[in-house]
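Structure, as structure tokens:
Order of the sequence lines sets the chain letters (A, B, ...), proteins ahead of strands, with each chain counted from 1.
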Amino acid sequence: MKTELRILRRRSREEEPFWQSFIYEAEDANAAVSTALNALNSREELTDTEGRRADPIRWECSCLQKKCGACAMVINGRPALACDSKLSGLGPVVTLGPLRKFPVIADLITDRSAMREVLREMKIFLRAQTEVSESMTDIAYEASGCLQCGCCLEICPNFCTGGKFGGMAAALPAGRLIEEMDGEGREELLKEYRKRVYEGCGKSLACRDICPAGLDVEKLMVNSNAAAVWKALDFLRKKRHEV
Amino acid sequence: MEEINILGAGLAGLSAAITLAQGGQKCRLISAQSSERAQSVMAEGGINAALDLMGEGDSPELHFEDTMRGGAYLADEEAVRRLTFGAPDTVRWLAGLGVPFNMKDGRLVQRSFGGQKKKRTAYARSSTGKMIMSALIDECRKYECSGLVKRFDHHGFLGLNVREDSCLGLRARDIYSGEVMDFSGRVIMCCGGPAGLFPGLTTGTAANSGYAAARLFEQGVVFGNLEMLQYHPTTVAIPDKRCLVTEAARGEGGRLFIMRNGKRWYFMEEKYPELKNLMPRDVVAREMYFVRKEPDSSGEVMLDMTGLDGLVWRSRLPDLRAELIHYLGIDPAKEPVPVREGIHYFMGGIYTDIAHRTSLRGLYAAGECTCQYHGANRLGGNSMLGAVFGGRTAAEDILCDGDQAADFNGERDSGSVTENEPSDAVKLELGEILYSGLGIVRSAEGLCNALDRLDELEERRGTFPRTRLARAMLLSAMERKESRGAHYREDHPERDEKLGRPTLSRYKNGVIEVSIGEGFE
Ligand SMILES: Cc1cc2nc3c(=O)[nH]c(=O)nc-3n(C[C@H](O)[C@H](O)[C@H](O)COP(=O)(O)OP(=O)(O)OC[C@H]3O[C@@H](n4cnc5c(N)ncnc54)[C@H](O)[C@@H]3O)c2cc1C
Ligand code: SF4
Ligand code: SF4
Ligand code: FES
């Protein structure tokens, strides 16, 4: 199966982007975009469809088994993991570009450190040692599965790098700990959750459909959302009393 | 105040960072990729500790014995004793950080794993590594917020800053900006196994390029047991790599067979009536290799998981089933899966003592890049344990010694500003050479051939840190003229009791030295 990969390239942050195409012939029916990128980069000499020599294509990967989130990029217009995108389902011409919500480093690599920054600002960590209770293991398990790949943020109409809204990639880790914590720490985290997730979210759930880890954001967030709303009402009620 | 440099942010690196921070010690967590991308997130089956929650009378002593026997008595006995006796606390510590281990009636459940006589493996369905990593990442964030841990993601290791026999710090390059940074202070290497030496041939991540280990070797650090590679018996080929079918599949009741004269032959059950399909990995892998070669057997070895009940698939192995359907189009609940041996773990690595100190003062190492716990064969569930316990142990030793800023703050490495690496094509070729020499069954002839091919490759494309480390691996396998654990020599099929000592190797004055048991002056 012959595929043309049309890649939006950029040597560095400072340089202008340009398109470059390569032909890849898959031997394996299950070959993915990652298979093609690895194969192209392993050629003794990489040439594009015009016969020009090309530099190796820069992209990030690690597990090659959709377990680490490194290889997120825009494939045929949609954010996806390169190692989870089989060529057979993508047509004869496949376009690849970097995620658009994050600063580009080179070619298909973007700097997603803003995601980590949000988690720090929200102080997402346990305040004291806590074991997960048996009834909560299912939710904790699912919510711990977030790859921090950023696909959900790419598609989210309300997320922008450096902004206040943390999106699903912040909601999941926060939600998990909200379930596990109690006391003041939980209140603190709920407040952050309300401010940086709940209030900014339009609930269109575009993020759920795109999540390569198949995390059901809606289901996982039911409790945190309920707690956030309940707290908000509680807060309003208190306000009214004060008046 | 001295800042400690941790290279690698997987289980070992995170455990070290958290322990240092808990002791009030500042540290830097430097890694080529962020923790979410570390190979540790791929670990599936579980982590061992003799918690004895299954009412089988398990004890750390039995865990110790299984680990020593499983490793064919090549592991450091004192280190293994500490590891196994420290295991229950380690797993309790993880549970206290919110790891969602599988539970029943308010207590952790433990499952069977290869080479162990008791149910000893605590697990979180079939994504134990990811679950532990998520909890450690959160815990580490606490100290990032308080300023005790500073993260340097996307920083590739360039080399140590060495003066005489001391390590004064390390040099790394920001992969995004190209900027070269020197970090002074003691170093803990937590860079994982060198899976990148075998592109496409391992179950792990090629992002653990092997460059860090290769540079350390080039800089004179002593390595041990480099010939000891673990082939996992049950892996399947997917387009980019080998994909693991966790040992838990057999722990939960999966059975290996091959067709012989038109009938299923459950060879492991017939040959090893006690542990059956759960013999240590080296034994199972070798048996598979040999039964395929039997004249009246045909086809691949198959793993039959059709007998597992629905509850097991739902609550204990859900990800495995989804993965096999996705990659192979085979539903393991309905039909057997063809499996082959694949490179899975590196028992060999940086040589350390029980406190995780290396041959250089001020340099520590922990996790899969080291060699003291697993000897000639690693038991499933012991490596996550070794990584977490090892990271914590190294950090505790540093905390004990107190601030040593005066000692470990020296001149800068005037060395490299980029990685000294060949092209991907050369890396592929090198991987094939190593694979040809270091298969499941080895011989002097095969190793000589591989060394000849390596000579030719270096002549054609140059010598690199990774070609040197590769050579040390082949020479170590050559030196060990016996069969022990994962190292099987068809020209020396018996174990030689005199060789029950680690194979040490180092690079000095332009020469690779290898010795068994004698040590270096
Ligand atoms: C598929 C699979 C399943 C497994 N299942 C189990 C299991 O069930 N139970 C078990 O006990 N073990 C299991 N293991 C083994 C276990 O996961 C690993 O041995 C363990 O997680 C290693 O942890 P680590 O911290 O040493 O290394 P890693 O998690 O590999 O981390 C290495 C770190 O070093 C960094 N690094 C590497 N090279 C460089 C460089 N040149 N410059 C800068 N940074 C660098 C990486 O970015 C990373 O942060 C499994 C392994 C695999 C592959
Ligand atoms: S539901 Fe919509 S607005 Fe909310 S995080 Fe998902 S994509 Fe963004
Ligand atoms: S929620 Fe899903 S899409 Fe978003 S970062 Fe996590 S794994 Fe990726
Ligand atoms: S490389 Fe890990 S998700 Fe694709």
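Within the 3.5 Å criterion, the main-chain N or O of A:T35 finds a donor-acceptor partner in the side chain of B:D240. Between the side chain of A:E131 and the main chain of B:R92, no donor-acceptor pair closer than 3.5 Å is present.
Interface remark: of the candidates B:K130, B:R125, B:H154, B:R151, B:R125 forms the most heavy-atom pairs closer than 4.5 Å to chain A. Ranking B:A322, B:C243, B:G96 against chain A, the residue ahead of the rest is B:G96, based on heavy-atom pairs under 4.5 Å. Of the listed residues A:A140, A:A70, A:A106, the one with more heavy-atom pairs under 4.5 angstrom with chain B than any other is A:A70.
Only the backbone of B:D105 comes within contact range of chain A, judged by heavy atoms closer than 4.5 Å. Of the two parts of B:K142, the backbone and the side chain both hold a non-hydrogen atom closer than 4.5 Å to a non-hydrogen atom of chain A. Interface remark: B:F101 contributes backbone atoms only to the contact with chain A (heavy atom separation under 4.5 Å). For B:Q33, the part lying under 4.5 angstrom from a heavy atom of chain A is the side chain only.
Contacts with chain B (heavy atom to heavy atom, under 4.5 Å) involve these residues of residues 171-180 of chain A, listed by number: A:R176, A:L177, A:E180.
For B:E323 and A:K67, the salt-bridge test passes: some basic side-chain N is under 4.0 Å from an acidic carboxylate O.
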Apply side chain to side chain contact (heavy atoms under 4.5 Å, CB included) to the pair A:R58 and B:I175, showing each step before the final yes or no. CA-CA 11 Å; A:R58 289 191 63 190; B:I175 298 162; 3.8 Å; yes
